[in-house]
Amino acid sequence: KQEVTQIPAALSVPEGENLVLNCSFTDSAIYNLQWFRQDPGKGLTSLLLIQSSQREQTSGRLNASLDKSSGRSTLYIAASQPGDSATYLCAVRRWAGTASKLTFGTGTRLQVTL
Amino acid sequence: SAVISQKPSRDICQRGTSLTIQCQVDSQVTMMFWYRQQPGQSLTLIATANQGSEATYESGFVIDKFPISRPNLTFSTLTVSNMSPEDSSIYLCSAHRNTEAFFGQGTRLTVV
């Protein structure tokens, strides 16, 4: 059974810092991995999608890497801003079919302070 | 990307009553997914909604408690029946496009 863990569970950093969020998964047989952002009491916003054949994806100040063989992904946020404060979730998909389910990590709650 | 509209965004309900949550996708999708997120927890899949057939429920979730409709390829509803305070959670619908998952804004349910 796939298990996805995110470390740290919570993180507080001053504005402007670069930071790294970690995601690890126990079964390396994944199709892709997706990073999401969730604001309190709200739905999930997709940030980055990495296919199993890719090593990294970038969008603006965000960079996600994937090391499938070691079961790890990182989300790098450059020059953090207070608006980045949210919970960040990673999720892995096992196969490509439309019925394929996601397994979610436990989340990292990020607070960026002024 | 896909745009998913979910409503209501929040509700406060009396125990013993039922609430129906609606989810509309901006284009046709094969599968829609319903999740529950209990306070401080990650997402747990309730069921997969298939158009033209009964929903497929995950272990621990039953149709009598969480009936789901999927009348067409862009719309689904989830009903939370005979609610108790333990049902207080965020409920989210999701759809996939090109193996990327998209979510609605969530429904924050409080049962009193």
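Any value given below was found using the heavy atoms of this structure, including those in side chains, with hydrogens, waters and symmetry copies removed. First the proteins, then the strands, lettered A, B, ... as listed; each starts at 1.
For residues 4-20 of chain A, a heavy-atom distance under 4.5 Å to chain B picks out no residue at all. Of all residues spanning residues 32-44 of chain A, those with a heavy atom less than 4.5 Å away from chain B's heavy atoms are A:N32, A:Q34, A:F36, A:Q38, A:G41, A:K42, A:G43, A:L44, arranged by number.
Around the CD atom of A:Q54, the shell of radius 6.0 Å holds more than 12 heavy atoms that belong to other residues, nucleotides or ligands. Counted within 6.0 Å of CZ on A:R61, heavy atoms from surrounding residues, nucleotides or ligands total more than 12; the atom is thus considered enclosed.
In this structure, chain A has a heavy atom under 4.5 Å from the side chain of B:Y35, while its backbone stays farther away. For chain A, the nearby part of B:Q37 is the side chain; its heavy atoms alone come within less than 4.5 Å. For A:T106, the part lying near chain B is the backbone, with the side chain staying farther off; criterion is any non-hydrogen pair under 4.5 Å. Only the side chain of A:L89 comes within contact range of chain B, with heavy atoms under 4.5 Å apart. Looking at B:E58, only its side chain comes within 4.5 Å of chain A, counting heavy atoms on both sides.
Between A:S100 and B:H96 the shortest heavy-atom distance is O-CE1, 3.1 Å. Nearest heavy atoms, A:S46 versus B:A101: CB-O, 4.0 Å.
Linking Ile, Leu, Val, Met, Phe, Trp and Tyr whenever their side-chain heavy atoms come within less than 4.5 Å leaves B:L45 and B:F66 in two separate clusters. One hydrophobic cluster holds both B:I21 and B:I63 under the rule that ILVMFWY side chains link at heavy-atom gaps under 4.5 Å. Linking ILVMFWY side-chain heavy atoms closer than 4.5 Å, directly or via other members, places B:F103 and B:W34 in two distinct hydrophobic clusters. Under a hydrophobic-cluster definition in which Ile, Leu, Val, Met, Phe, Trp and Tyr are linked whenever side-chain heavy atoms come within less than 4.5 Å, directly or via other members, A:L75 and A:V112 are assigned to the same cluster. In the hydrophobic cluster analysis, where Ile, Leu, Val, Met, Phe, Trp and Tyr join through side-chain heavy atoms closer than 4.5 angstrom, A:L21 is grouped apart from A:F104.
Side chain of B:S42 to backbone of A:G105: a donor-acceptor contact under 3.5 angstrom is found.
If you tally non-hydrogen atom pairs under 4.5 Å between each of B:L43, B:I90, B:L92 and chain A, the highest count goes to B:L43.
Rounding to the nearest 0.5 angstrom, the gap separating the CG atom in A:L49 from the OG1 atom in B:T99 is 5.5 Å.
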